[in-house]
Asker: 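The structure's right below; bear with me while I get my questions together.
Since the structure is predicted, the reported quantities are computational estimates derived from the model, not experimental observations.
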Amino acid sequence: MADKQRVCIIGSGNWGSAIAKIVGANAAKLNNFEDRVTMYVYEETINGKKLTEIINETHENVKYLPGHKLPPNVIAVPDVVKAAEDADILIFVIPHQFINKICSTLLGKIKPTAVGLSLVKGFDKKEGGGIELISHIITKQLHIPVSVLMGANLASEVAEEMFCETTIGCKDKNMASILRDIIQTPYFRVVVVEDVDSVECCGALKNIVACAAGFVDGLGLGDNTKAAVIRLGLMEMIKFVDVFFPGGKLSTFFESCGVADLITTCYGGRNRKVSEAFVKTGKTIEELEKEMLNGQKLQGPFTAEEVNYMLKAKDMERRFPLFTAVHRICTGEIKPAELIEYIRYHPEHISRSNFIRKMFIK
């Protein structure tokens, strides 16, 4: 790699723009990074003007992060190949539904020595009934190593510079320090762990639980029920990783990517908000996404569908009743009120997981 690292941010939604604010400021002041940071922006027209032009002239993403100034060294680029071609570090911050298209566009057009950092929360379906982690897809398609960043990081609060923590999953200790440098600030504390798959799974699975929390809010069932849903959701997250991505550490679930992100999303995230409206209005998820999210994508229902695809293929739906119920509610197979019947007699084997026993009894 070059002495000075060049950084490209692929994505410019509210979370991508919030990260660009941090990365741009760090790149400008740290000697081991190139000052100029490119940010791939899907071109849109806002009041007759291109969004990239607005960002580059006003240093503000007026659509997805209005009211917050981006550092002037963050340059919006409408062509993802041009944005990424010279980058040493590619930070992926796009809805997971678009990752395959982006990777196919970039194939053979990035530095062979580049590394990736995925902030993408979700899975992708694999033929034969499985699911694939987004970091694995990027690695397989672009032939680069990919680390992940997940945490209790609501974009609006990060942009406001309210203190929070995040987790980077990275197996390369040298790269871990570089990624920490470009991301960490006094208000954005980074903890690095080697348990990459568990970190990434937490970031995806918590969105399913947040949908369940939103259904509870929409039904007016109160804080006790919501707490039960969050706890059972965490247990299913732990069990899911133990079954499908074994070898992780229980301690990872107590980092920001785990329980903290779960709590934050179940109280303040878009999945909770839209799921509550789903119950109260009777509108479809698709209708509410268009009405409430200003062009952003809802990840919970998509992730629930992908997880259910895997559980159904493995005949494991009964072992994950909360995940299964959320999927069936989102697709209209059952009513939101039936969520409680699914979790009322939650299988005890989850709370007695060998994984949990192994980690606590040493």
Side-chain angles (χ1 to χ4, degrees), residues 1-13 15-41 70-77 79-94 96 98-99 102-103 105-121 133-151 153 155 158 166-185 188-194 196 199-200 203 257:
M1 285 189 179
D3 290 337
K4 287 199 171 188
Q5 305 286 299
R6 295 184 179 92
V7 183
C8 170
I9 299 167
I10 299 175
S12 58
W15 185 211
S17 297
I19 282 295
K21 184 179 175 185
I22 290 173
V23 170
N26 282 344
K29 71 182 181 182
L30 296 173
N31 292 330
N32 54 330
F33 292 96
E34 213 42 76
D35 182 79
R36 183 175 185 266
V37 173
T38 55
M39 179 172 70
Y40 164 61
V41 176
L70 300 177
N73 59 316
V74 174
I75 309 301
V77 180
D79 184 327
V80 69
V81 172
K82 287 184 178 179
E85 61 187 357
D86 293 325
D88 300 295
I89 300 172
L90 300 169
I91 300 176
F92 294 85
V93 205
I94 55 175
H96 78 278
F98 304 138
I99 200 69
I102 287 289
C103 286
T105 303
L106 291 174
L107 180 60
K109 298 171 183 174
I110 60 171
K111 284 185 174 183
T113 55
V115 300
L117 178 66
S118 174
L119 280 62
V120 183
K121 297 182 177 181
L133 299 182
I134 301 301
S135 65
H136 292 190
I137 293 172
I138 299 170
T139 292
K140 185 166 68 175
Q141 294 199 21
L142 296 182
H143 315 297
I144 61 173
V146 180
S147 300
V148 299
L149 181 150
M150 305 284 159
N153 309 139
V158 173
T166 199
T167 310
I168 290 179
C170 180
K171 294 178 181 178
D172 183 330
K173 291 184 179 180
N174 292 328
M175 183 49 58
S177 63
I178 294 171
L179 295 176
R180 184 196 293 116
D181 286 348
I182 196 63
I183 294 292
Q184 184 157 264
T185 74
F188 197 64
R189 179 176 176 266
V190 176
V191 174
V192 181
V193 300
E194 294 183 2
V196 182
V199 172
E200 185 166 2
C257 63

Asker: Hey, could you give me the CZ/NZ distance between Arg6 and Lys111, rounded to the nearest 0.5 Å?
Answerer: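 Spacing of CZ (Arg6) from NZ (Lys111) equals 5.0 Å.
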
Asker: Could you tell me whether the side chain of Leu133 reaches within less than 4.5 Å of the side chain of Val148, counting heavy atoms only?
Answerer: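 Answer no - side chains too far apart.
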
Asker: So Thr167 and Met150, do their side chains get closer than 4.5 Å, heavy atoms only?
Answerer: no

Asker: Just so I know, are the side chains of Glu34 and Asp86 near enough to count as touching, which here means a heavy-atom distance under 4.5 Å?
Answerer: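 Sidechains of Asp86 and Glu34: no contact.
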
Asker: Check whether any side-chain N or O of Gln184 sits under 3.5 Å from a backbone N or O of Val190 as a donor-acceptor pair, and report yes or no.
Answerer: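 Yes: the side chain of Gln184 pairs with the backbone of Val190.
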
Asker: Is there a side-chain contact (heavy atoms from CB on, under 4.5 Å) between Ile182 and Leu117 once you walk through the steps?
Answerer: CA-CA 11 Å; Ile182 196 63; Leu117 178 66; 5.7 Å; no

Asker: Minimum heavy-atom separation for Leu149 and Ile168, please, with both atom names.
Answerer: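 Heavy atoms of Leu149 and Ile168 come nearest at CD1-CG1, 3.8 Å.
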
Asker: side-chain contact (heavy atoms from CB on, under 4.5 Å), that's the test. Do Val120 and Val93 meet it? Break it down for me.
Answerer: CA-CA 5 Å; Val120 183; Val93 205; 5.9 Å; no

Asker: Under 4.5 Å between any side-chain heavy atoms of Asp181 and Asn26, yes or no?
Answerer: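 Not in contact.
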
Asker: Taking all non-hydrogen atoms of both residues, which atom of Asp35 and which atom of Asn73 are closest, and how far apart?
Answerer: O-ND2, 2.7 Å

Asker: For the residue pair Leu107 and Gln141, establish whether any side-chain heavy-atom pair is separated by less than 4.5 Å.
Answerer: no

Asker: Which atom names give the shortest non-hydrogen contact between Ala25 and Pro71, and what distance separates them?
Answerer: N-CG, 3.6 Å

Asker: Quick check: do Phe33 and Ile89 have side-chain heavy atoms less than 4.5 Å from each other?
Answerer: yes

Asker: Might you point out which heavy atoms bring Ser147 and Gly169 nearest each other, and give the distance in Å?
Answerer: CB-O, 3.2 Å

Asker: My understanding is that only residues two or more places apart in sequence, or in another chain, count here; which of them pass side-chain contact (heavy atoms from CB on, under 4.5 Å) with Glu194?
Answerer: Lys173

Asker: Could you state the interatomic distance from CG (Asp172) to CG (Leu179), rounded to the nearest 0.5 Å?
Answerer: 8.5 Å

Asker: Drop me the distance from Ile91's CD1 to Ile22's CD1, to the nearest 0.5 angstrom.
Answerer: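 Ile91 CD1 to Ile22 CD1: 10.0 Å, rounded to 0.5 Å.
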
Asker: Using every non-hydrogen atom in the two residues, find where Gly24 and Val74 come nearest and quote the distance to one decimal.
Answerer: CA-CG2, 3.7 Å

Asker: Enter the distance from Ile110:CD1 to Glu85:CD here, rounded to the nearest 0.5 Å.
Answerer: 11.5 Å

Asker: So, taking the atom named CG in Leu90 and the one named CD1 in Ile9, what distance separates them when rounded to the nearest 0.5 Å?
Answerer: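 If I round to the nearest 0.5 Å, the distance is 11.0 Å.
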
Asker: Would you say Ile138 and Cys103 make side-chain contact, with heavy atoms under 4.5 Å?
Answerer: yes

Asker: Please check this pair: side chain of Ser17 against backbone of Ser12, looking for a donor-acceptor N/O pair closer than 3.5 Å.
Answerer: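 Looks like yes, one N/O pair under 3.5 Å.
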
Asker: Out of curiosity, Lys4 NZ to Asn31 CG, how far, rounded to the nearest 0.5 Å?
Answerer: 6.0 Å

Asker: Between Val80 and Ile10, which heavy-atom pair has the shortest distance, and what is it?
Answerer: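 For Val80 and Ile10, the tightest heavy-atom pair comes out as CG2-CG2, 4.1 Å.
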
Asker: Report yes if the side chains of Tyr40 and Thr38 come closer than 4.5 Å at any heavy-atom pair, otherwise no.
Answerer: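 No; the side chains remain at least 4.5 Å from each other.
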
